[in-house]
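Since the structure comes first, as C-alpha cells, the remarks are kept for the end.
We name chains A, B, ... by the order of the sequence lines, and we start the count at 1 in each one. Source: prediction; values computed, not measured. Only this structure's heavy atoms are used, side chains among them; waters, hydrogens and symmetry mates stay out.
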There are 2 protein chains.
Amino acid sequence: MDKQQILSKNQQIIFDLIDKSSEPLKAYTILFNVQKKGIKAPLQVYRALDKLVEMGKIHKIESRNAFIACHNSSCQVSKATAFSICEICEKVTEISSVSLSKYLTNFKDKDGMKYSKYNLEFFGLCKKCR
Amino acid sequence: MDKQQILSKNQQIIFDLIDKSSEPLKAYTILFNVQKKGIKAPLQVYRALDKLVEMGKIHKIESRNAFIACHNSSCQVSKATAFSICEICEKVTEISSVSLSKYLTNFKDKDGMKYSKYNLEFFGLCKKCR
DNA sequence: TTACATAATGTTATAATATAACAATAACTA
DNA sequence: TAGTTATTGTTATATTATAACATTATGTAA
Ligand SMILES: [Zn+2]
Ligand SMILES: [Zn+2]
Ligand SMILES: [Zn+2]
Ligand SMILES: [Zn+2]
C-alpha cells in the first residue's frame, strides 16, 4: 500500500478526524465523533483504522491503544516508528531522527538477525510537564 | 520496587506460570491455568501482573497484550526493554544488547529531551521461520 | 459493455481485554 | 498493640476488538 493512495469515504472521514486532533484518539472516541457522519458501528472504525495503518497514514500507539496521524514522511510506511510519550499529559510526538532510524533499521541481534520492522515508544515528561 | 522482592501467594503462582512458559501468555490464558490454584477472577490476575511488571519480574509485550518473564538481569527493572517478535510463529525474545540499551538510554530528541523509559519491539522472522 | 474480481460498506452479535467499587484479611511498622 | 499498608476476594461493568454474513461500489480485462 502506498502513502499517497486515495482514501475511501469512511477512511477519509476517520483520517480527517485523527489528523486534526492534537492528541491520540481511541477507537471508540473516534466512533463517537463520526456517528453524525453515518459511521455507526465499531467495525467500521476498526476497518478504516486497519487500512490507514497499513497505508502508513496513521500509527497505533500500542501502549495507549490510540491512533495518531503520521507526520513523518520518512517513516517508511509504518515499518519503522518511534514516539515520545509524556507520562503526565499523555502528549505523543512522532520522532523523526535519521540517526535513530538508521541505527534501529541496521540493528542486528546476537544471531545476526535483522528485522523488517520496529516500533519504539519512549516515556518521560514533556517540556511543559517538567 | 526491587527485582529480588519476595512475592505474595498470587504473584508467585502467576509468575511461576509465566516463567516456565515458552511463549508470552495472555491474561485470560493465565486465569484459565491458575483456576485450579484458587485464582478465580480476572482482577486477581491483573493485579498480580501489574505488580510483577512494576518489579521487573515480567514484561508486557504491548503489541500482543501478553506477558513474558524477564530473562535479562540488566534490563533496569522494566525501564528499558527490547524484544524481537516473529511474525509467523509469534516467538518473542528479550534482547539484551548493551550497545542498544546504551544508545537508547542516551538518546536525545531534537529538543534535547531525554527519556526515563522506553519499550522497543522488533518484528521479523525468527531463525526457524525463515 | 459485460463479466469477473477485489475492495469497501453495513449490520448484528459476541469475544477478548481491562478496571471500578467495596469488603475482608494478612503483613509490616512504630 | 494499634495503626498502616499490601494483598486478597468478589461482583459487576467498562473498554477494546473481531466473527460472520449480506450488500454495494470500484477496478479490470475480454
Ligand atoms: Zn510516521
Ligand atoms: Zn506533558
Ligand atoms: Zn527484562
Ligand atoms: Zn518464527
Of the nucleotides C:dT11, C:dT17, D:dG9, which has the atom closest to the A:Lys40 side chain?
C:dT11
Rounded to whole Å, please give me the gap between CZ in B:Phe67 and P in C:dT17.
10 Å
Taking the minimum atom-to-atom distance to the side chain of A:Ala41, which one of C:dT11, D:dT8, C:dA8 wins?
C:dT11
Checking side-chain contact (heavy atoms from CB on, under 4.5 Å) against B:Leu17, which of B:Val45, B:Val34, B:Thr29 comes through?
B:Val34
Can you check whether B:Ser8 has a side-chain N or O nearer than 4.0 Å to OP1 or OP2 of C:dA26?
no
Of the candidate nucleotides D:dA17, C:dT17, C:dA8, which contains the atom at the shortest distance from the side chain of A:Gln11?
C:dA8
Check whether any side-chain nitrogen or oxygen of B:Lys26 sits under 4.0 Å from OP1 or OP2 of C:dT17, and answer yes or no.
yes
Close side-chain approach of B:Ile58 to B:Ile68, heavy-atom, < 4.5 Å
no
Rounded to whole Å, the CE-C1' distance (A:Met55 to C:dA7) equals 10 Å
Does C:dA8 have OP1 or OP2 under 4.0 Å away from a side-chain N or O of A:Lys9?
no
Would A:Arg64 and A:Glu90 pass as an ion pair if we require N to O under 4.0 Å?
yes
OP1 or OP2 of C:dT6 less than 4.0 angstrom from a side-chain nitrogen or oxygen of A:Lys51, does that happen here?
no
Rounded to the Å, how far apart are B:Gln5 CD and D:dA6 P?
10 Å
Looking at B:Asn10, I'd like to know whether one of its side-chain N or O atoms comes within less than 4.0 Å of OP1 or OP2 on D:dT7.
no
Members sharing B:Leu43's hydrophobic cluster, built from side-chain contacts under 4.5 Å between Ile, Leu, Val, Met, Phe, Trp and Tyr, are none
Does OP1 or OP2 of C:dT17 have a side-chain N or O of A:Asn65 closer than 4.0 Å?
no
Can you tell if the side chain of B:Leu7 reaches within under 4.5 Å of the side chain of B:Ile14, non-hydrogen atoms only?
no
I'd like to compare against my own output: the B/S/- annotation of nucleotides 19-24 of chain C with a strict under-4.0 Å heavy-atom distance to protein.
BBB---
Over how many whole Å does the gap from B:Lys37 atom NZ to D:dG9 atom C1' extend?
19 Å
Could you give the CD1-to-C1' distance, from A:Ile30 to D:dT15, as a whole number of Å?
14 Å
What is the distance from CD of B:Glu62 to C1' of D:dT16, rounded to the nearest Å?
14 Å
To the nearest Å, give me how far apart CD (A:Gln44) and C1' (D:dT23) are.
13 Å
Pairs under 3.5 angstrom only: tabulate donor-acceptor contacts from the side chains of residues 120-130 of chain A to other protein residues two or more places apart or in another chain.
| residue | atom | partner | partner atom | Å |
| --- | --- | --- | --- | --- |
| A:Glu121 | OE1 | A:Ser63 | N | 3.3 |
| A:Glu121 | OE1 | A:Ser63 | OG | 2.7 |
| A:Glu121 | OE2 | A:Glu62 | N | 2.9 |
| A:Glu121 | OE2 | A:Asn119 | ND2 | 3.2 |
| A:Arg130 | NE | A:Leu125 | O | 3.4 |

Distance check needed: C:dA8 P versus A:Ile39 CD1, whole Å only.
14 Å
Could you tell me whether the side chain of A:Tyr118 reaches within less than 4.5 Å of the side chain of A:Thr105, counting heavy atoms only?
yes
